[in-house]
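What follows is a set of notes on a single structure, which appears directly below.
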Amino acid sequence: MSDLEEEYQLEYFHEEGFERKECPSCGAHFWTRDPDRELCGEPPCADYEFIDNPGFEAEFSLEEMREAFLSFFEEHGHERIDPYPVAANRWRDDVLLTQASIYDFQPLVTSGETPPPANPLTVSQPCIRMQDIDNVGKTGRHTMAFEMMAHHAFNAREDIENPDQYAYEGEVYWKSETVAYCDELLDSLGADIEAVTYIEDPWVGGGNAGPAIEVIYRGLELATLVFMCMEQDPDGEYELKDGNTYSFMDTYIVDTGYGLERWTWMSQGTATVYEAIYPEMISFLKDNAGLEYTDEEAELVHRAARLSGQLDIDDVDDVEAARGDIAAALEVPTDRLRELVEPLETIYAIADHCRTLAYMLGDGIVPSNVSTGYLARMVLRRTKRLADRVGVDAPLDELVDMQAERLEYRNRDTIRDIVRTEVEKYRETLERGGRQVERLADEYADRGEPIPLEEVLELYDSRGIQPDTVEEIAAEHGVNVEIPDDFYARVAARHSDDDDAGETAETAPDEAAVADLPETEKLYYDEPERTDFEAVVLDVIERDDGDGETVYDVVLDQTMFYPEGGGQPADTGSISGEDVTVEVTDVQEADGTVLHRTDGDPGKGEFVRGTVDGTRRRRLMQHHTATHIIGHAAREVLGEHVRQAGAQKGTESSRLDIRHYERISREEVKRIERLANGIVTDNLTVKQEWPDRREAEDEHGFDLYQGGIPPGEKLRLIHVGEDVQACAGTHVLRTGDIGTIKLLSNERIQDGVERLVFAAGDAAIEATQRTEDALYDAAGTLDVSPQEVPGTVERFFEEWKDRGKRIEELKEQLASVRAQGEGGGEEIDLAGTTAVIQRVDADMDELRATANALVEEGNAAVLGSGLDGATFVVAVPDGVEINAGAVVSDLAERVGGGGGGPPDFAQGGGPDADALEDALEAAPDVLRRLSEA
RNA sequence: GGGCUCGUAGAUCAGCGGUAGAUCACUCCCUUGGCAUGGGAGAGGCCCCGGGUUCAAAUCCCGGCGAGUCCA
């Protein structure tokens, strides 16, 4: 079976007297010490044998098991490292959440570009897998949140051309040692190692592959030992189970995964994993929901849990089908079983979801409508629904806090605050949505029709209302609604209608062209305030800028020009040779080579003098340092969770996007501004250093990487007061050099992401002056002092509204006077009614009022105005057979326009005011013609 | 990152090219011994902002601001 059969012939297996066997049930190959064993031992080929029969000598709590594992590997030469955040998108853009310990080291460590934090190392990495969210609680073993305990070793082949091209060299240990460690760990915990099986199960994922071994004990998969050593390669000689071909890489990595929860469960032998890992929370929730079982019921539930854990279940449909099987095995009706077990399953799910939330929020994820924040919001809402359904009335923030406390998060107050805010938002959404559904249900109830599916889809898509909520409310109103099984697929279909055209590719510098060029020496870090330098032109690459203009990319041996990066725009300036000076309009970096985009060719091999635009550079440095200061100040004011979500520096203003769960108030803006300027006036030295990556991470932790993780063995750190960040930009030497920092505005660019726009130095003064100019202009117009502007404007606004009302009143009075005055208008008799035809040069409002007044008197009205073009209003009293719309339409055509309206009141007009008199003269004929028709 | 929905009286929402509306809340009057309630009258709108189309825009189009929601 195994395509990598020879890869599993481990020394350790042979020394220890293992035998390789083929499972007659599933066909898998496995290694065992027990010569009599036939089956591989993994369900469905075997049952759980540890429930009520723990597999280790002692019982372990979650914390004890984690410690036992980590210290075992520490004692065996591994360094213990701190876990990474569960928000994997903080260091990689291909995934959102951390789903395995190896995620911590992808892509830069696994590719060999960056050294691991330790080698070999051990870690217990919190992970979140949302794939089988629906199964949590039901199967007894699925959890959304878990910790993957692991030991990793990063090896690189030495028999290659440049072994030092990788950030680690040589072999730490490989397959045989890995299995030996696992075996020894099991043995040290008192497991019956005769009963352990090692199943061959090649692993493929994310473009990499390698042999792997599943470790099975008493029916439970306790660990997976992956030997990542291959990469996808069209010419590779190994075809693996995904149908692709693979070949061996220069690096080969031990990637193991030991499920902390499963090991804890194994040590306790409880009916479900949940009861082993957070027993207090389960019993709290049971109490709170008032869940009570008789001894007989408890026994039944226990037996059911035991059975359900053994079933090979992959999705919810299977769970429901399996429930029938279990009920049959227990000889009780399916409904009775469901009634007993479902509340308990819900409680398991709540506990797990709260732990998930504790990890997410504790690691600084802020609920949002995008990215990981959205996932957190989904989990939170789902948890709230589950809690409501099963009757748990403890506040959700308290439940999450129970888990956060266990996980020893320090930011528990913030976590609770976020949960409370989110629950409140959800409550509002539900309330809004509920009302909407009520209206809809009423509407369709009146018509006696079922609510169409399209409406339900719309409710879910744009208002977040679950289809079962619609069903519930519809039932209360006696309206039918059909929710198809493929509801969510239909939602997805709505979204896949329009496939957007591919983005135009960025015009990245030609990597191939610079591949042979040496790295440019960067002078701007040593003397960020110097603007001129001397250099040798190493190469000039001629290109077309896309508009038909010829431009040049100039490569120098050294440069003072800062290439665009880290949200800081490129420097501009000029490069002068003996007889030519060229303008530098853009600077980019590719593979360590700095490319100066110029409008001329300075000549390859020439000695040149470069001059950077000093004012621009100075402004950019001020803004860059200010960005760090504002980020720090925002964290002080708003909380530890505040993290950079993006930044862009400029010469006039800059912006910093930060994660925060509420709108930032004016008061908070002021405090941030005060704090930031305090740091400026303290005139602190801005320090840069290039420490070893591992030392920097040890000392400052993961928050160094506000703007992403740079590759390499060394990091450039920028210290501004207490704030430390990995940063490649240019900074002022002392904070006092910034001069001043002014926050200009803040906007919410996404839910959970606030954008702070600010200016530093001269730009701050200019921005303040602009604001003041606007205020002074307004004050000048009002002829009051700036301080009086708000009060005066408010008074004027009120007066303006009052006058509007007064004018309305007067127009109506004028209209009724005009209607009774019987002057000026031509009156004609029309089938017993008097029609008044009159020119009133007034606006549309007044025409309407006059027409209304005439109708009040029992007359038909045809009014024309020449005030703005030509406009007409025609109104007729009830019971008069004239179509006002038709009359207006006819008259309006005579002035080059159109018009219409209901039969009793119509308006219209056209641009040709000169034709107004003629039109009014024709009006009697028009009226007679149309009244006769 | 992408999609969709919504901004109208203090609140909740109708109206979706042709005279800005309803319900609740508010003020006053009446009904009642008082309360619940019932009847009547009234006040309360830059129809989010800025452009455009049109004889005419709350309504259609574009942009902005604000809010909500689904997906990766």
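Nothing here was measured: the structure is a model prediction, and the numbers come from that model. Protein chains get the first letters and strands the later ones, always in sequence-line order, with residue 1 at the start of each.
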Please determine, for [N], whether a Watson-Crick or G-U wobble partner exists with both distances under 3.5 Å, and give it or none.
N	value
A25(B)	none
U54(B)	none
G45(B)	none
C4(B)	G68(B)
A36(B)	none

Quick check on [N]: is either OP1 or OP2 less than 4.0 Å from any side-chain nitrogen or oxygen of [X]?
X	N	answer
K805(A)	A43(B)	no
R663(A)	A67(B)	yes
R432(A)	C13(B)	no
T429(A)	U69(B)	yes
R748(A)	G66(B)	no
R463(A)	C6(B)	no

>> Apply side-chain hydrogen bond (donor to acceptor under 3.5 Å, both in side chains) to residues D363(A) and Y84(A) and explain how you reach the verdict.
In response: CA-CA 9 Å; D363(A) 279 349; Y84(A) 280 46; over 6 Å; no

> Looking at U69(B), does its base get a donor-acceptor pair with the side chain of D461(A) below 3.5 Å?
Replying inline: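 No, no donor-acceptor pair under 3.5 Å.
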
>> Given A14(B), U19(B), G68(B), identify the nucleotide with an atom nearest to the side chain of K425(A).
In response: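 So the nucleotide nearest the side chain must be G68(B).
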
> Taking the side chain of M378(A) as heavy atoms from C-beta outward, which of C70(B), C13(B), A20(B) is closest to it?
Replying inline: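 My answer, after comparing the listed nucleotides, is C70(B).
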
Between the side chains of [X] and [Y], does any donor sit under 3.5 Å from an acceptor?
X	Y	result
Q568(A)	Q648(A)	no
R439(A)	Y444(A)	no
Y661(A)	D417(A)	yes

>> With the stacking rule set at 5.5 Å and 30°, tell me whether F905(A) counts as stacking on U19(B).
In response: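 Answer is yes, a stack.
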
